Amino acid sequence: MNSNAVVQPRSFGQGEQRAVSGRGAVSQDRVIFPITSLSPYQNRWCIRARVTQKSVVKTWCNKRGDGRLFSVDLADESGEIRATAFNAESHCGFPFKVYLIQGGTIKVANRQFTSIDNDYELTFSPETRVEPCFDENVCDLPEVSFHLTKIKEIGEISRDRLIDVIGVVVMIGPIESKIARSTLKELKKRDVLLVDDSGVSITLSLWEAEVHKSVYEQILNCHCFRQKISTVK
DNA sequence: CCCCCCCC
């Protein structure tokens with residue numbers, strides 16, 4: 001995969017302006033749609049959103065093909081949406097700032113891979129345009145928002161949903177070495193015990209690079225964790 | 001179009 005092939009989405013042209021329809025916020029001559037109003041049936045929209053999370057650029061190779069992708073979580077006053085850019089649209093220099101984003105495909109989100117509370121997600125296309133937003137009121141836009149699940153309620157949530165948990169690390173296990181059954185690869189594993197104000201504890205398993213994250217070593221400090229549910233013991 | 005997340 002050649003990183004030189006990475007292309008920035010086109011910015012709005014200088015003289016290119018949209019007619020203002022008379023309702024909704026307006027930013028840099030664009031009518032702004034709330035993130036929660038986006039759906040597959042809505043094809044003319046522009047959102048004004050803050051980047052609250054971003055992934056590393058990931059490459060994949062499987063029987064369906066290969067490529068690279070990058071995803072960001074976007075938030076405005078109405079809510080959040082996950083956005084993914086593939087191949088030519090993927091670019092890694094997306095700082096945690098506010099952008100006007102227009103164009104792309106809205107599809108049904110897979111809740112297995114995001115805790116964002118939105119039925120849809122956005123896929124960047126060659127038509128997607130991204131422009132830094134310079135409005136004064138962008139400071140009103142939310143930063144990361146967690147949708148917290150109480151540890152006591154984790155058992156009631158369907159398997160394989162990604163959830164947010166806030167808790168205290170009360171016990172840290174040793175770093176262990178395991179052999180993956182499928183690949184026979186050696187894996188580092190560490191269990192920590194997490195407790196919250198619902199009075200219940202749960203084991204949080206850390207793998208590989210996660211094992212070394214110092215955030216888990218601060219016993220009795222409070223942190224937010226965005227984790228996937230697997231087997232509940 | 002990713003979407004793997006492993007061990008006991």
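Quick note on labels: first sequence line is chain A, next is B, and so on, each numbered from 1. On a predicted model such as this, the values are computed, not experimentally measured, just so you know.
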task: From the options A/K54, A/R50, A/R82, select the one residue that forms a salt bridge (charged side-chain N to carboxylate O under 4.0 Å, His left out) with A/D73.
output: A/R82

- prompt: Between B/dC7, B/dC1, B/dC3, which nucleotide has the shortest distance from any of its atoms to the side chain of A/N110?
  reply: B/dC3

message: If I take atom CZ in residue A/R181 and atom P in nucleotide B/dC5, what distance separates them, rounded to the nearest angstrom?
response: 12 Å

With a 3.5 Å cut-off and sequence neighbours excluded, list the donor-acceptor pairs that the side chains of residues 150-157 of chain A form with protein atoms.
unit_1 : atom_1 : unit_2 : atom_2 : d
A/K150 : NZ     : A/D197 : OD1    : 2.8
A/K150 : NZ     : A/D197 : OD2    : 3.3

message: Please report the distance, rounded to the nearest Å, between CD1 in A/I116 and P in B/dC2.
response: 19 Å

- prompt: For the side chain of A/N62, counting heavy atoms from C-beta on, which of B/dC7, B/dC3, B/dC1 is nearest?
  reply: B/dC3

- prompt: Which nucleotide sits closest to the side chain of A/F86: B/dC2, B/dC3, B/dC6?
  reply: B/dC2

- prompt: So what does A/K188 touch, heavy atoms closer than 4.0 Å: a base, only the sugar-phosphate, or nothing?
  reply: nothing

- prompt: Could you give the NZ-to-C1' distance, from A/K63 to B/dC4, as a whole number of Å?
  reply: 11 Å

message: Can you see if the side chain of A/W60 gets near the phosphate of B/dC2 - specifically, an N or O under 4.0 Å from OP1 or OP2?
response: yes

query: Do A/K178 and B/dC6 have a side chain to base donor-acceptor pair shorter than 3.5 Å?
result: no

query: Using a distance-only test with no angle check, is there a side-chain donor-acceptor pair under 3.5 angstrom linking A/T36 and A/S78?
result: yes

- prompt: Within this structure, what is the CG-to-P distance between A/D191 and B/dC8, rounded to whole angstrom?
  reply: 12 Å

query: Taking the side chain of A/T84 as heavy atoms from C-beta outward, which of B/dC2, B/dC6, B/dC1 is closest to it?
result: B/dC2

query: What is the distance, rounded to the nearest whole Å, between atom CG of A/L204 and atom P of B/dC5?
result: 17 Å

- prompt: For B/dC2, does OP1 or OP2 lie under 4.0 Å from any side-chain N or O of A/R64?
  reply: yes

- prompt: NZ of A/K58 versus P of B/dC1: gap in Å, rounded?
  reply: 13 Å

statement: Atom CG of A/L206 and atom C1' of B/dC7 are separated, to the nearest Å, by 13 Å

message: Measuring from the side chain of A/E208 (C-beta onward, heavy atoms only), which nucleotide among B/dC6, B/dC3, B/dC1 has the closest atom?
response: B/dC6

- request: Test A/T128 against A/E89 for side chain to side chain contact (heavy atoms under 4.5 Å, CB included), laying out the working first.
  value: CA-CA 8 Å; A/T128 300; A/E89 282 78 58; 5.7 Å; no

query: Within this structure, what is the CZ-to-P distance between A/R82 and B/dC2, rounded to whole angstrom?
result: 14 Å

query: What pairs with A/D196 under side chain to side chain donor-acceptor pair (under 3.5 Å), at least two apart in sequence or on another chain?
result: A/S198

query: Which part of the nucleic acid does A/E186 contact within heavy-atom distance under 4.0 Å: base, sugar-phosphate only, or nothing?
result: nothing

